[in-house]
Amino acid sequence: MRSGCRVSMDRRPPVTMISASACCKGVNNSSACSRPGQRIVELGGGTGRNLEFFGPRLASFASVELVDLCQPLLAIAKARSAGMANVVV
């Protein structure tokens with residue numbers, strides 16, 4: 001193993017980086033957008049508004065992680081996602 005490299009023993013599903021807004025609004029019809037058990041990371045997730053566009057598929061994902069630099073927007077996202085066990089803000 002090269003110096004500085006790490007081997008992950010993480011057993012969680014791999015993260016798929018997609019455009020969550022395009023995917024959940026049906027812009028991208030790729031099967032990568034709708035696989036159950038998938039981990040979704042939305043960069044620039046803001047208020048979490050795009051969560052509603054996933055509809056019933058949201059519950060089938062292993063996790064949906066919202067990332068944003070703006071703390072006030074994340075506070076709104078946290079309130080919006082309350083009760084969604086697989087959403088991490």
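In what follows, every heavy atom counts, from backbone to side chain, and hydrogens, waters and symmetry copies are set aside. Not measured: the values here are computed from a predicted model.
Hydrophobic clustering places Leu66 together with Met84 (ILVMFWY residues linked when any side-chain heavy atoms are closer than 4.5 Å, directly or through intermediates). A single hydrophobic cluster is seen to contain both Leu51 and Leu74, as judged by linkage of ILVMFWY side chains at heavy-atom distances under 4.5 Å, directly or through other members.
Judged as a side chain to side chain contact (heavy atoms under 4.5 Å, CB included), and not counting sequence neighbours, the contacts of Val88 are Glu65. Listed by chain and number, the residues in a side-chain hydrogen bond (donor to acceptor under 3.5 Å, both in side chains) with Thr47 are Arg80 (sequence neighbours excluded).
Between Ala77 and Gly46 the shortest heavy-atom distance is CB-O, 3.4 Å. Across Val87 and Ser81, no two heavy atoms sit closer than the pair CG1-CB, 3.6 Å.
Between Glu42 atom CD and Asp68 atom CG the span is 9.0 Å, to the nearest 0.5 Å.
Under the 3.5 Å distance criterion, the side-chain polar atoms of Asn86 are matched with a main-chain donor or acceptor of Phe61.
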